[in-house]
Amino acid sequence: MQELLTEIAEAAAANPDKGNVATYIPELAGIDPNQFGIAVALADGRVFTAGNADVPFSIQSVSKIFALALALGRVGDQLWYRVGREPSGLSFDSILLLEREDGIPRNPFINAGALVTTDTYLAGSTPREALGELLRFIRAACDDDSIHMNEKVAKSELATGHRNFSLAHYLASYGNLRASVDKVLGTYCHQCAIEMSCRQLALAGRFLVDAPRMPGLVSIERRRRINALMMTCGHYDGSGDFAFRVGMPGKSGVGGGILVISPSRASIAVWSPGLNKYGNSKLGTEAMEHFAHKTGWSVFGVPHGGEGAHV
Ligand code: GLU
């Protein structure tokens, strides 16, 4: 495994096309695209890393996994009256389907759906309390109390987040937000501004791995469902392509991070800030394709000869 990760990090460093860093959140625009990290937390407790695996980055939409787990913990299946479970086939911040579908977002991972999820775990609390609960969940998942939010990134997104404000107002006009638009956006932008390294994120993702000794933060059924949504909706309109190339559930963020779950084997985090045309990490996606090819890991079956050379 260590050999493979080193090989992947070297391939990333040698690749001249790093993709384009997101610029619509000004605080993220200045990030050096020449960074790449990967970490694998195996079900047996071992952790392997390569590259800049201990450099914290803005997890952005990867936070939507933890937010979904928290919202489901609050209201259970009631959530599905307010948000769907289908891929949107549109970009992460699209407003198009909201009008046609009466203010019910397609899934909890596009921005409109994530705003409903945030509104759900925010219900009955102040933003500070709700964000405290989210941080406690993530810290428990990775057993690391140092995880925090970057106030500058949150403020930067709040100051320029016109599309997210539009989405929230649109949801509110259909009665699909309980808290005020300002409260929901303030909470959402702070949630997205959580910083983690690949090592921390891989450890935090273990609650989605089906193996003994993994943090039991959600029920088995919920874990399977979150994985299913990651597979079908975790990469926006690039979700089909990621499933085709990697064959494992994953969730990306515009900060360049991707959390990938091999459901009974491992939690994997990869990060490189340059994005592809879908807004997902370019080198991160390529690295995961390389990883899946070499290990043979896929939810669609094992290759001939067993589990793959590197396992
Ligand atoms: N905070 C980002 C936004 O709402 C998250 C998008 C993403 O990571 O894909 O625009």
Side-chain angles (χ1 to χ4, degrees), residues 19-29 31 56-68 83 87-96 98 105-119 121-122 127 131 134 138 149-171 177 181-196 198 201 205 229-230 232-239 241-242 250-260 269-282 284-285:
N20 299 308
V21 172
T23 51
Y24 77 98
I25 301 174
E27 196 61 29
L28 296 183
I31 308 268
F57 59 90
S58 196
I59 68 167
Q60 292 295 320
S61 285
V62 182
S63 67
K64 292 172 183 172
I65 296 172
F66 307 111
L68 174 62
V83 60
S88 69
L90 294 167
S91 67
F92 67 101
D93 55 359
S94 175
I95 202 166
L96 270 181
L98 267 190
R106 274 285 172 106
N107 66 68
F109 293 152
I110 51 172
N111 284 11
L115 290 169
V116 172
T117 309
T118 299
D119 184 55
Y121 78 73
L122 181 55
L131 288 165
L134 181 70
I138 297 176
M149 289 157 191
N150 182 322
E151 195 61 37
K152 269 189 170 169
V153 173
K155 292 238 164 73
S156 172
E157 182 170 9
L158 260 177
T160 55
H162 303 298
R163 288 210 196 162
N164 284 331
F165 273 97
S166 308
L167 288 168
H169 279 291
Y170 217 76
L171 289 164
L177 278 195
V181 165
D182 284 343
K183 212 167 148 186
V184 173
L185 254 294
T187 310
Y188 172 79
C189 290
H190 280 82
Q191 167 196 313
C192 289
I194 291 171
E195 289 189 338
M196 296 172 83
C198 287
L201 190 56
L229 286 164
M230 288 167 70
T232 51
C233 312
H235 281 74
Y236 311 119
D237 45 340
S239 299
D241 190 57
F242 191 85
K251 179 73 205 89
S252 67
V254 290
I258 307 178
L259 177 64
V260 179
V270 64
W271 167 62
S272 184
L275 307 179
N276 62 21
K277 65 174 178 183
Y278 302 115
N280 304 313
S281 174
K282 179 183 178 285
T285 303

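Atoms considered below: every heavy atom in the structure, side chains included; atoms not considered: hydrogens, waters and symmetry mates. Both ligands and their constituent atoms are indexed starting at 1 by order of listing.
In terms of protein heavy-atom proximity, atom 2 (C) of ligand 1 is nearest to Gln60 OE1, 3.1 Å. Scanning the protein heavy atoms around atom 3 (C) of ligand 1, the nearest turns out to be Glu157 OE2, 3.0 Å. Looking at atom 5 (C) of ligand 1, its nearest protein heavy atom turns out to be Ser61 OG, 3.1 Å. Summary of contacts: the protein heavy atom closest to atom 10 (O) of ligand 1 is Tyr24 OH, 2.4 Å.
Under the 3.5 Å distance criterion, the side-chain polar atoms of Asp119 are left unmatched by any main-chain donor or acceptor of Leu122.
Inspection of the Asn20 and Lys282 side chains reveals no N or O donor paired with an N or O acceptor under 3.5 Å.
Using a 4.0 Å cut-off to heavy atoms of Cys192, the atoms of ligand 1 that qualify are 1 (N).
Lys155 pairs by the salt bridge (Lys or Arg N to Asp or Glu O under 4.0 Å) definition with Glu151, not counting sequence neighbours. Partners of Ser281 by side-chain contact (heavy atoms from CB on, under 4.5 Å), not counting sequence neighbours, listed by chain and number: Ile258, Ser272.
Around atom 9 (O) of ligand 1, the closest heavy atom drawn from Phe109, Phe92, Tyr236, Tyr278 belongs to Tyr236.
The aromatic rings of Tyr236 and Phe92 lie tilted to each other, with the angle between the two planes from 30° to 60°.
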Candidate pair Ile138 and Met196, rule side-chain contact (heavy atoms from CB on, under 4.5 Å), full reasoning: CA-CA 10 Å; Ile138 297 176; Met196 296 172 83; 3.6 Å; yes
Residue pair Arg163, Asn111: steps toward the side-chain contact (heavy atoms from CB on, under 4.5 Å) verdict: CA-CA 9 Å; Arg163 288 210 196 162; Asn111 284 11; over 6 Å; no
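Where the criterion is an N or O separation shorter than 3.5 Å, residue side chain and backbone included, Tyr188 meets it with respect to ligand 1. Checking only distances, Gly253 never comes within under 3.5 Å of ligand 1, N or O to N or O.
Contact annotation: Asn164 has at least one heavy atom less than 4.0 Å from an atom of ligand 1.
Contact annotation for Asn111 and ligand 1: only side-chain heavy atoms (C-beta onward) come within less than 4.0 Å of the ligand.
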